[in-house]
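Here the structure comes first, spelled out in structure tokens, and everything after it is commentary.
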Amino acid sequence: VEKTPSWTTEFAAAFRTLPDLYRFLDWDPPAGALAVAQTYPLFVPRRLARMIKAEGPGGVLAREFLPDGAELALSEGLADPIGDQAFLRAPQLVHRYKTRALFTPTSVCPVHCRYCFRKNELAADHDLFQRDFDQTLAYLARHPEVTELIFTGGDPLTLSNDRLETYLSAFADLGTLRDVRFHTRYPVILPERLDAGFADLLREYRGRFRTLSLAIHVNHVRELDDEVRDRVRSLNGLPVQLLSQTVLLRGVNDSVTALRELIDELVSLRVRPYYLHHPDQVKGGLHFYLPLAEGRVLYQALRDELPGWALPQYVIDIPGGHGKVAAFNPETYAFEGRLISRTGAVVELREPELH
Ligand code: SF4
């Protein structure tokens with residue numbers, strides 16, 4: 001039986017109510033925050049709350065993780081901005097691209113990011129998370145063309161190491177999956193989660209898949225305090241490819257300096273900058289949105305400043321389930337609001353009007 005790890009204690013002690021959190025911060029909640037927290041629940045671990053407090057009420061951490069009246073004030077936006085629902089092929093399994101599928105074994109995260117593209121699904125008891133693992137496995141067995149499985153959620157590292165092992169073992173036994181990737185925010189939010197048991201799991205399964213990857217979700221260099229840096233450095237000795245994924249967010253990292261500082265730090269930690277996501281047009285998160293044209297200008301400037309190998313791919317999920325495509329390439333730089341879809345069609349991106 002697995003010993004109770006310390007991160008679960010940290011998890012249990014997280015702030016879940018507005019009065020508790022703001023009493024700790026010693027700040028007044030912003031106007032409308034109470035109503036917001038009733039619609040989109042609050043979840044902030046204590047360690048992060050201390051960082052938010054140290055940075056102050058106007059800081060990027062407060063913007064990323066504290067409720068904002070704008071979440072309800074801007075009524076536009078999509079509940080399922082990337083159209084996962086249409087590609088839900090088996091319980092907890094989204095199969096949209098030929099060779100890879102998403103596995104969503106939990107709806108629980110170590111924090112509630114206010115910009116989250118799944119914030120409406122996570123707030124409801126959504127179909128995406130209904131479990132029937134036999135059916136999930138049966139689907140993968142019928143679809144050997146799926147060679148990469150991406151554990152996402154919620155955050156898959158919310159599961160215990162025993163539970164992860166159960167899944168990894170069953171997936172390895174299929175014999176068709178070569179690559180396994182975990183998308184997670186734990187290394188930054190609750191770094192204790194990267195415990196010895198998880199390291200053992202990676203070592204144990206290294207030989208059963210071609211690659212194991214950990215894509216760390218991080219948006220700003222201020223998320224990376226000394227503890228996080230130490231923990232990420234400690235992962236370098238493990239048989240896991242370290243990648244990053246970042247969401248471009250208005251008021252958080254929408255400047256060349258912020259992105260450059262983050263990427264520089266990731267490279268120093270030997271994390272390969274992998275994805276820079278254009279923000280999704282999610283209902284309740286539109287105050288983080290910035291126009292594609294603006295994102296392209298930022299990315300072009302980044303291209304001038306970084307070596308090619310340090311440049312994350314700038315991608316966008318075209319609303320309506322059209323899938324993830326390049327948000328930038330030199331040929332379409334002057335393409336204004338248009339994108340080239342996965343089928344080669346030119347798609348006019350419909351963007352919200354922001355005031
Ligand atoms: S960790 Fe990811 S899925 Fe969870 S709230 Fe944040 S953005 Fe959403």
Side-chain angles (χ1 to χ4, degrees), residues 64 82 94 96-104 109 113 115-118 147-157 177-189 191 194 202 206 209-221 223-224 228-229 231-236 238-249 252-254 256 258-280 292 295-296 298-303 305-318 323-329 339 342:
E64 283 193 89
I82 68 174
V94 177
R96 181 200 314 259
Y97 309 107
K98 186 176 171 198
T99 59
R100 60 188 192 274
L102 300 181
F103 177 50
T104 56
C109 293
C113 311
Y115 55 83
C116 176
F117 71 115
R118 290 223 170 97
T147 54
E148 182 179 27
L149 193 70
I150 299 162
F151 281 65
T152 176
D155 194 313
L157 265 58
L177 294 169
R178 292 190 300 178
D179 304 304
V180 167
R181 203 191 316 162
F182 295 94
H183 277 221
T184 179
R185 218 161 178 355
Y186 272 92
V188 168
I189 303 297
L194 304 168
L202 296 174
R206 70 178 302 180
F209 299 102
R210 182 176 65 176
T211 60
L212 294 172
S213 305
L214 204 62
I216 302 171
H217 177 165
V218 54
N219 300 325
H220 196 281
V221 76
E223 295 172 21
L224 303 168
V228 170
R229 286 169 211 229
R231 201 57 74 128
V232 172
R233 271 191 210 102
S234 76
L235 292 171
N236 275 301
L238 293 173
V240 65
Q241 182 176 209
L242 297 178
L243 308 171
S244 71
Q245 55 164 342
T246 297
V247 189
L248 182 59
L249 297 167
V252 174
N253 57 12
D254 55 337
V256 178
L259 292 171
R260 169 83 207 246
E261 281 176 1
L262 174 63
I263 291 167
D264 279 346
E265 189 56 40
L266 291 170
V267 170
S268 301
L269 294 170
R270 302 200 184 170
V271 177
R272 190 180 130 213
Y274 181 41
Y275 273 145
L276 175 66
H277 289 272
H278 192 70
D280 291 309
L292 179 63
R296 283 174 165 168
L298 275 175
Y299 192 71
Q300 169 70 355
L302 262 189
R303 275 162 48 93
E305 295 210 8
L306 291 169
W309 51 263
L311 195 68
Q313 295 178 44
Y314 180 31
V315 292
I316 179 169
D317 263 291
I318 306 179
K324 190 181 275 131
V325 298
F328 179 102
N329 61 52
L339 292 158
R342 300 175 62 79

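We're numbering straight along the sequence, starting at 1.
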Report the C-alpha separation of L302 and I263 in whole Å, then their side-chain angles, then the decisive distance to 0.1 Å, and conclude whether the side chain to side chain contact (heavy atoms under 4.5 Å, CB included) test is met. CA-CA 10 Å; L302 262 189; I263 291 167; 4.2 Å; yes
Side chain to side chain donor-acceptor pair (under 3.5 Å) against D155, all qualifying residues, sequence neighbours excluded: T184
Between atom CG of N219 and atom OH of Y115, what is the distance when rounded to the nearest 0.5 Å? 4.0 Å
Hydrogens and angles aside, do Q245 and H183 bring a side-chain donor and acceptor to less than 3.5 Å of each other? yes
For L202 and P239, work out which heavy atoms get closest and say how close. O-CG, 3.8 Å
Quick check: closest heavy atoms across C109 and G154, and the distance to 0.1 Å? SG-CA, 3.4 Å
Exam field: side chain R118 to backbone G153, donor-acceptor pair closer than 3.5 Å: yes
Once salt bridge (charged side-chain N to carboxylate O under 4.0 Å, His left out) is applied, do any residues pair with R96, and if so which ones, sequence neighbours excluded? D84
Listed by chain and number, what are the salt bridge (charged side-chain N to carboxylate O under 4.0 Å, His left out) partners of R272, not counting sequence neighbours? none
Can you check whether V232 reaches L194 side chain to side chain, under 4.5 Å on heavy atoms? no
For the pair F328 and Y299, evaluate ring-ring contact (aromatic ring centres under 6.0 Å, His included) and give the outcome as yes or no after the intermediate values. CA-CA 8 Å; F328 179 102; Y299 192 71; 5.1 Å; yes
With sequence neighbours excluded, what pairs up with R260 under the salt bridge (charged side-chain N to carboxylate O under 4.0 Å, His left out) test? D264, E305
To the nearest 0.5 Å, atom CG of L243 lies from atom NE2 of H217 at 14.0 Å
State, yes or no, whether a side-chain contact exists between L242 and R270 at a heavy-atom distance under 4.5 Å. no
Contact between R181 and T152 at the side-chain level, heavy atoms closer than 4.5 Å - yes or no? no
Going by heavy atoms in the side chains, are E223 and V228 under 4.5 Å from each other? no
With a 4.5 Å cut-off on side-chain heavy atoms, are L224 and L262 touching? yes
Rounded distance [0.5 Å steps], CD in E265 versus OG in S244: 12.0 Å
Any heavy-atom pair between the side chains of F209 and R178 that's under 4.5 Å? no
Flag side-chain contact, heavy atom, 4.5 Å: K324 against Y275: yes
What residue pairs, at least two apart or across chains, pass salt bridge (charged side-chain N to carboxylate O under 4.0 Å, His left out) with a residue in residues 209-221? D179-R210
If you round to the nearest 0.5 Å, how far is OH of Y274 from CD1 of I216? 14.0 Å
What's the shortest heavy-atom distance between L269 and R229, and which atoms? CD2-O, 3.9 Å
To the nearest 0.5 angstrom, please state how far the CG atom of L276 sits from the CG atom of N253. 7.5 Å
Could you grab the distance from atom CG of L214 to atom CG of L157, nearest 0.5 Å is fine? 6.5 Å
Anything under 30° is parallel, anything over 60° is perpendicular, the rest tilted; go ahead and classify F182 against F151. tilted
Side chain to side chain contact (heavy atoms under 4.5 Å, CB included) evaluation trace for L306 with V267: CA-CA 11 Å; L306 291 169; V267 170; over 6 Å; no
Heavy-atom donor-acceptor pair, R296 side chain to A327 backbone, under 3.5 Å: yes
With sequence neighbours left out, the residues meeting salt bridge (charged side-chain N to carboxylate O under 4.0 Å, His left out) with E261 are none
Does T99 reach the side chain of E148, with side-chain heavy atoms less than 4.5 Å apart? no
Looking only at heavy atoms, what is the nearest atom pair of G295 and L248, with distance? CA-CD2, 3.9 Å
